[in-house]
Engineer: 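This is the structure I want to talk about, given as structure tokens.
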Amino acid sequence: MLLINNLSARIAGYQLEIQSAVSEVLSSGWVVLGPAVELFESQFAQYVGTSHCVSVANGTDAIELALRGLGVSAGATVATVANAGMYTTTAILAIGARPFFMDVDESSACVTVAEIEAALAAGVQAVVVTHLYGRAVPQIEKIAEICKAHRIPLLEDCAQSHGARIHGRCTGAFGDAASFSFYPTKNLGALGDGGAVMTNDAQLADRLRKLRQYGWAKKYEVSHQGGRNSRLDELQAAILSVFLPDLDVTNERRRQIAARYQATIRHPDVQLFAPGEQDHVAHLFVLRCICRDSLSAHLKQHQIASDVHYPIPDHRQSVFADQFAELTLPVTERLAGQILTIPCYPEMTDGDVDRVAVGINAWKCDNSA
Ligand SMILES: Cc1ncc(COP(=O)(O)O)c(C=O)c1O
């Protein structure tokens with residue numbers, strides 16, 4: 001089976017470096033919030049181009065703690081898209097805040113200036129934008145400007161966009177803060193969970209360092225509400241420092257794979273999103289197809305895995321019962337019924353990519369005859 005991701009292949013490619021990083025941590029005897037975490041935080045801050053990186057336990061915590069650090073509290077309303085897997089919404093709910101759902105643009109699956117302006121007009125207290133599938137939100141510069149003018153904090157969720165750049169600037173460097181996930185399958189992934197919040201605001205970074213560790217001002221002295229235990233461990237930090245220097249190279253390979261799909265997939269019932277350049281790090285290769293379940297089943301028969309990111313828009317999740325029954329997000333809902341993710345990861349060979357494209361091109365759509 002050709003999988004959506006192949007972690008074993010990645011681990012195999014770095015076997016010696018991983019072993020040496022792990023044994024260095026083990027022999028140091030320091031396993032939580034130590035020198036490896038500090039080193040990775042400074043390396044990643046430099047890579048993204050922010051003054052601070054505060055690592056945490058995972059990407060969902062990064063969103064939650066960033067929002068808390070930015071002043072979001074229970075009862076506040078936070079703008080977010082509804083097509084990004086519910087992670088931001090989960091973080092908003094964990095604070096006791098309310099999501100304000102925005103629709104997305106049909107050609108990028110990302111939020112637009114118009115949607116942000118509508119959310120601001122509705123009185124949201126914070127905005128989260130998601131750089132989805134590896135694509136930097138095309139209008140992020142304008143969105144950052146508008147949020148600043150309204151004095152509303154902007155958080156970028158970069159869980160799928162490590163290294164995507166607009167005008168040479170990395171995603172994560174546009175907002176007041178940015179959250180990253182280092183879940184193993186991400187473009188920069190650990191071998192377990194991990195996450196980080198990036199910011200240029202020294203006071204916010206200081207608050208985040210307290211929030212990730214019980215709200216401690218110092219050991220056993222709790223000064224901040226909303227604190228918890230959310231720390232990156234030394235082993236994961238050391239492994240991330242092994243992968244980080246190659247991030248631009250592996251992103252380039254992902255782009256080559258995406259370009260090969262763009263050049264070879266030819267089917268009247270399959271649509272591709274616009275290709276990207278440096279603004280796109282091809283975290284996921286997502287296509288559109290009106291009978292995607294049939295295409296997915298056909299690929300499975302040919303030993304090719306596919307998946308849907310994501311099948312249920314946030315406002316239709318059962319956790320909300322009928323709270324958002326009146327809300328319609330036409331593009332989000334249409335895309336949820338049509339999107340299909342096909343394999344895209346740096347270790348794929350050109351032969352693997354061609355096998356997927358040939359499989360897709362050979363499929364007959366049940367509804368189109
Ligand atoms: C867009 C997006 N945001 C947030 C997250 C949450 O990250 P984590 O799984 O590390 O909590 C993910 C990842 O899974 C994601 O894809």
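Just so you know, these numbers come straight off a predicted model, no measurement behind them. First listed ligand is number 1; within each ligand, the first listed atom is number 1.
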Engineer: Check whether NZ of the Lys or CZ of the Arg Arg10 lies under 6.0 Å from the centre of the six-membered ring of Phe243 and within 45 degrees of that ring's axis.
Structural biologist: yes
Engineer: Are the gamma sulfurs of Cys365 and Cys291 separated by less than 2.5 Å?
Structural biologist: yes
Engineer: Please identify each residue that fulfils side chain to side chain donor-acceptor pair (under 3.5 Å) with Gln301, with sequence neighbours left out.
Structural biologist: none
Engineer: Which residues pass the side chain to side chain donor-acceptor pair (under 3.5 Å) test with His52, not counting sequence neighbours?
Structural biologist: none
Engineer: Using 0.5 Å steps for rounding, measure from the CE atom of Met348 to the CZ atom of Arg254.
Structural biologist: 10.5 Å
Engineer: Could I get the full list of side chain to side chain donor-acceptor pair (under 3.5 Å) partners for Arg228, not counting sequence neighbours?
Structural biologist: Asp61, Glu64
Engineer: I'd like the residue list for ligand 1, meaning every protein residue with a non-hydrogen atom under 4.0 Å from the ligand.
Structural biologist: Asn58, Gly59, Thr60, Ile63, Tyr87, Thr130, Asp157, Ala159, Gln160, Ser181, Lys186, Tyr310
